[in-house]
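Notes follow the structure.
The figures here come from the full heavy-atom set of this structure, side chains too, leaving out hydrogens, waters and symmetry mates.
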Amino acid sequence: MTEHDAVDEEQRHLGRLLDRLEELRADTRARLDAVLRGTGGTPQARSERESFARLYSSELAAFNAANLGLYFGRLDMEDGEVRRIGRVGLRDDDEDLTPLLLDWRADHSRPFYLATTARPEGAHRRRHLRTIGRRVIGVHDEYLTAPVDGEVPEDHDDVVGESALLEALDSARSAHMTDIVATIQREQDEIIRNPHAGVLVVQGGPGTGKTAVALHRAAYLLYTHRRRLDRSGVLIVGPNARFLDYIARVLPSLGESGVVLRTLADLYPGVRATGSETLRGEEVKGSADMVDILKAAVRARQLAPGADVVVRCEGHDLVLTPAVVRAARGRARMTRRPHNQARSTFAARIIDALTEQYVASLTDPVGHAEDAAWSPEGDGVGDLGDPARPLLDAEDRAALRTEVERAPEVLAAIDEWWPTLRPEQLLADLFSSRERISEAAGDYVAEDQEALFRADGGAFSVADVPLLDELAELLGEDPTEEGNEADRAWAEQVRQAEEALEILTGSAVQDIEDDLDPEVLMAYDVVDAESLARRHSADSDLTVADRAGADRTWAFGHVIVDEAQELSAMAWRALMRRSPNRWMTLVGDVAQTSSPAGIDSWEDALSPYVDDRWVLCELTVNYRTPETVSAVAEQLLAQIDPGATSPRPVRAGRRPVAWLETEAGSVGRVVADEVSLVPEDRAVAVLLPDDLGHENAPGIAALRDAVIAARPDASVLPLALAKGLEFDVVVVVDPEHVLGRSPQGLQDLYVGATRATQELVLVQPGRFGPLLSRIRESVSDDTEELSA
């Protein structure tokens with residue numbers, strides 16, 4: 001069969017598929033319209049309509065996404081079976097068991113990604129199709145077993161479908177990442193479909209396709225575990241907003257939209273962290289020691305007076321001693337409940353003490369109320385045995401208690417000693433006060449304490465987000481905050497659960513000192529009221545992604561983290577709260593760790609949460625960076641970690657790395673000249689040292705203007721924002737400054753150099769230093785030979 005005949009055959013099948021897809025789209029649209037027209041009915045009927053509306057909307061989105069590049073592969077099996085592979089599964093009708101098209105995630109599709117000549121997986125031939133719209137414009141066949149009229153061609157066992165892969169890799173990059181569904185490689189497919197139900201770590205150097213693997217794994221898991229993940233959702237955490245915008249179209253193109261995309265900066269609902277942070281501050285705030293500092297900051301707001309305090313209630317002066325307040329504080333702390341929830345215990349103790357005094361003052365006209373005052377050692381009743389004193393029944397006592405708890409001076413005292421706190425306000429108050437920092441972080445050296453201080457305490461940085469999340473756990477919700485009817489109903493469920501827990505804690509010791517912290521397992525250590533009244537209610541008209549994204553305490557079914565090596569110890573705590581089942585896919589490369597609070601090893605990061613119950617998978621082939629650029633990256637990696645193995649590039653590269661030295665005043669012109677040479681269909685980026693990459697850095701505005709004048713669509717970015725992205729041509733400005741800026745300078749330059757898919761240019765004001773000069777000399781002969 002000639003290639004022309006093959007194209008005609010596949011064109012006929014593609015037309016049949018597109019016609020069937022249009023039938024399904026029209027039918028689903030009609031069903032959705034019918035559901036949306038429905039009104040009234042019982043609550044159950046309305047809930048069912050909402051569920052069907054979400055289902056049909058999801059199906060319609062999948063059909064619309066599948067329309068582009070619907071059919072891309074075919075397998076001819078050795079037994080004569082023909083399997084056609086595409087974005088979705090299609091049949092002629094619901095009764096037909098023979099598929100017109102297999103979903104790429106189906107088990108029967110696996111040989112398309114796994115088969116090689118050494119391991120054909122039962123397949124005789126693999127065909128890749130190139131399509132534009134409704135047209136098949138070409139096919140490429142690979143024989144996995146010997147064809148009738150020839151020998152089996154040589155094949156690399158770790159590169160599957162090499163011709164189609166290289167064509168995809170050589171294509172121009174755009175502002176958005178594209179899926180790799182047609183060119184997934186064996187080692188990538190094995191990770192995408194990995195059945196491990198715990199923490200899966202995907203380690204790989206630059207260009208190995210870690211991000212693409214993570215996104216396709218998300219699509220695969222949503223396909224395989226649809227019912228489970230439709231209820232709980234999938235969270236994908238990326239390093240920055242530009243990265244999320246870059247990957248945003250991949251999952252919809254695969255027919256999946258039910259995911260929550262977040263950066264660490266907006267992981268805490270209601271806060272968008274845009275403040276700057278020093279390297280020292282980032283390191284200090286990322287340390288696990290911050291947990292104790294935050295606990296100390298909370299405890300510092302749980303006060304007791306230094307002398308007796310008189311509060312007035314309905315014309316009566318009532319006295320609270322420091323001992324009584326400290327005992328109430330100790331009892332509240334003993335509950336192990338968050339600060340705001342424990343406040344009710346503290347307040348109840350204070351009100352009980354004042355009520356007994358109030359009762360005694362009314363039943364002791366000769367002034368013996370002081371003798372009857374409540375104390376933590378007493379029975380709380382007082383000496384009411386004198387028949388000359390008036391007796392008060394339970395109803396009278398309840399009325400007096402209500403008077404006490406409503407008295408303005410009583411409320412003011414409780415607010416002063418145990419105030420209701422919000423995470424944002426507490427953290428802002430802490431960081432804007434050197435006195436509060438010293439009180440909470442007294443064991444820290446002066447430089448670290450100063451790194452926590454800022455005049456505007458509320459200018460939250462990304463490093464502050466995990467701290468806000470930690471404080472939200474320590475403080476809990478404000479039980480007095482008014483909400484809607486659903487919130488009040490939920491609060492009532494929590495109240496009932498709290499009553500049950502109070503019964504469980506009723507046997508705790510009652511003679512409690514102020515700071516007693518006994519090693520006793522309490523009911524609240526095992527389960528809290530929120531857990532007993534578990535939500536994730538399905539009767540909302542919001543999607544799971546909408547509800548999960550707005551709920552800080554949402555338990556996601558699966559969590560995917562890209563650039564996970566950058567997470568601090570505090571960030572790990574925040575993310576683990578969102579994954580109580582510990583079903584996670586973590587993607588990263590320890591050699592690229594650029595944050596001073598980032599990890600040195602996966603074991604150190606994960607062992608506190610899952611011990612050794614995690615699986616490491618490694619990607620070893622570099623699909624992005626050509627050999628010319630990889631030669632420089634390998635030298636940098638050898639400096640970062642002499643024992644690390646660089647991923648093997650699959651492309652030679654067209655041009656050697658350019659090493660340009662220039663005068664400081666000429667940098668803008670030199671960079672502009674370089675970007676002007678890049679073809680219009682190629683993406684180009686100019687990467688700057690992080691401390692020089694912001695808008696107000698000296699000289700940067702002029703450089704940016706020069707670059708944009710030469711190439712309006714060029715990206716000018718600090719290195720930190722380039723992580724996870726890729727461009728055809730990359731220009732790194734002042735690499736020596738990058739190296740000297742921080743202890744992670746080598747990692748930063750390694751990241752910047754490996755963003756290029758075609759060409760890399762290094763522009764240095766002045767001269768390259770000893771390290772980069774040695775690297776230039778060591779790779780120059782090889783790169784010149786490759787370019788020739």
Side-chain angles (χ1 to χ4, degrees), residues 173 175-177 201-215 236-248 250 261-267 273 276-277 279 282 286 461-463 465 560-568 571 575 586-600 605 619 622-625 629 633 636-637 640 647 683-694 715-733 735 738-739 741-757 760:
R173 293 318 192 254
H176 295 279
M177 184 181 186
V201 176
V202 183
Q203 165 83 26
T208 53
K210 299 184 298 296
T211 298
V213 166
L215 295 174
I236 298 179
V237 180
N240 53 63
R242 187 183 179 102
F243 173 84
L244 291 187
D245 181 62
Y246 177 61
I247 69 170
V250 174
L261 295 175
R262 289 288 184 271
T263 67
L264 199 61
D266 54 10
L267 193 61
S276 61
E277 191 64 73
L279 291 174
E282 189 176 339
S461 69
V462 175
V465 172
I560 294 175
V561 185
D562 206 326
E563 304 294 348
Q565 77 278 354
E566 303 296 339
L567 296 181
S568 68
L575 284 173
L586 308 175
V587 180
D589 179 14
V590 174
Q592 295 185 64
T593 302
S594 58
S595 169
I599 68 172
D600 295 320
L619 294 168
N622 185 347
Y623 305 103
R624 177 202 300 147
T625 312
V629 177
L636 292 171
L637 181 61
I640 296 168
V684 59
V686 176
L687 305 183
L688 308 170
D690 287 337
D691 56 338
L692 301 181
H694 57 83
S715 298
V716 183
L717 301 169
L719 276 165
L721 293 185
K723 183 158 287 189
L725 307 181
E726 61 182 22
F727 306 89
D728 294 294
V729 179
V730 168
V731 181
V732 178
V733 177
V738 174
L739 291 176
R741 174 179 174 265
S742 77
Q744 284 73 37
L746 275 168
Q747 288 91 329
D748 292 338
L749 185 56
Y750 181 63
V751 169
T754 53
R755 299 306 96 197
T757 68
L760 173 65

Contact summary for [X] and [Y], nearest pair of heavy atoms:
X	Y	value
R741	D691	CD-OD1, 3.3 Å
V733	P689	O-CD, 3.4 Å
G209	L619	C-CD1, 4.2 Å
T263	N240	CG2-C, 3.2 Å

Is [Y] close to [X] at the side-chain level, that is, under 4.5 Å between some pair of heavy atoms?
X	Y	value
L267	L575	yes
N622	T754	no
D562	L215	no
R242	L717	yes
S594	V751	no
Q744	P596	yes
V732	L749	yes
Q203	D589	yes

side-chain contact (heavy atoms from CB on, under 4.5 Å) between R624 and R755, intermediate numbers included: CA-CA 8 Å; R624 177 202 300 147; R755 299 306 96 197; 3.4 Å; yes

Checking the side chain of E282 only, and the main-chain atoms of E277 only, is there a donor and an acceptor separated by less than 3.5 Å? no

Heavy-atom donor-acceptor pair, D728 side chain to T757 backbone, under 3.5 Å: no

T593 vs D600, test: side-chain contact (heavy atoms from CB on, under 4.5 Å). Steps then yes/no. CA-CA 8 Å; T593 302; D600 295 320; 5.9 Å; no

Using side-chain contact (heavy atoms from CB on, under 4.5 Å), reason through K723 and F243 one step at a time and then give a plain yes or no. CA-CA 8 Å; K723 183 158 287 189; F243 173 84; over 6 Å; no

Audit row: L739, L746, side-chain contact (heavy atoms from CB on, under 4.5 Å) steps and yes/no: CA-CA 6 Å; L739 291 176; L746 275 168; 3.7 Å; yes

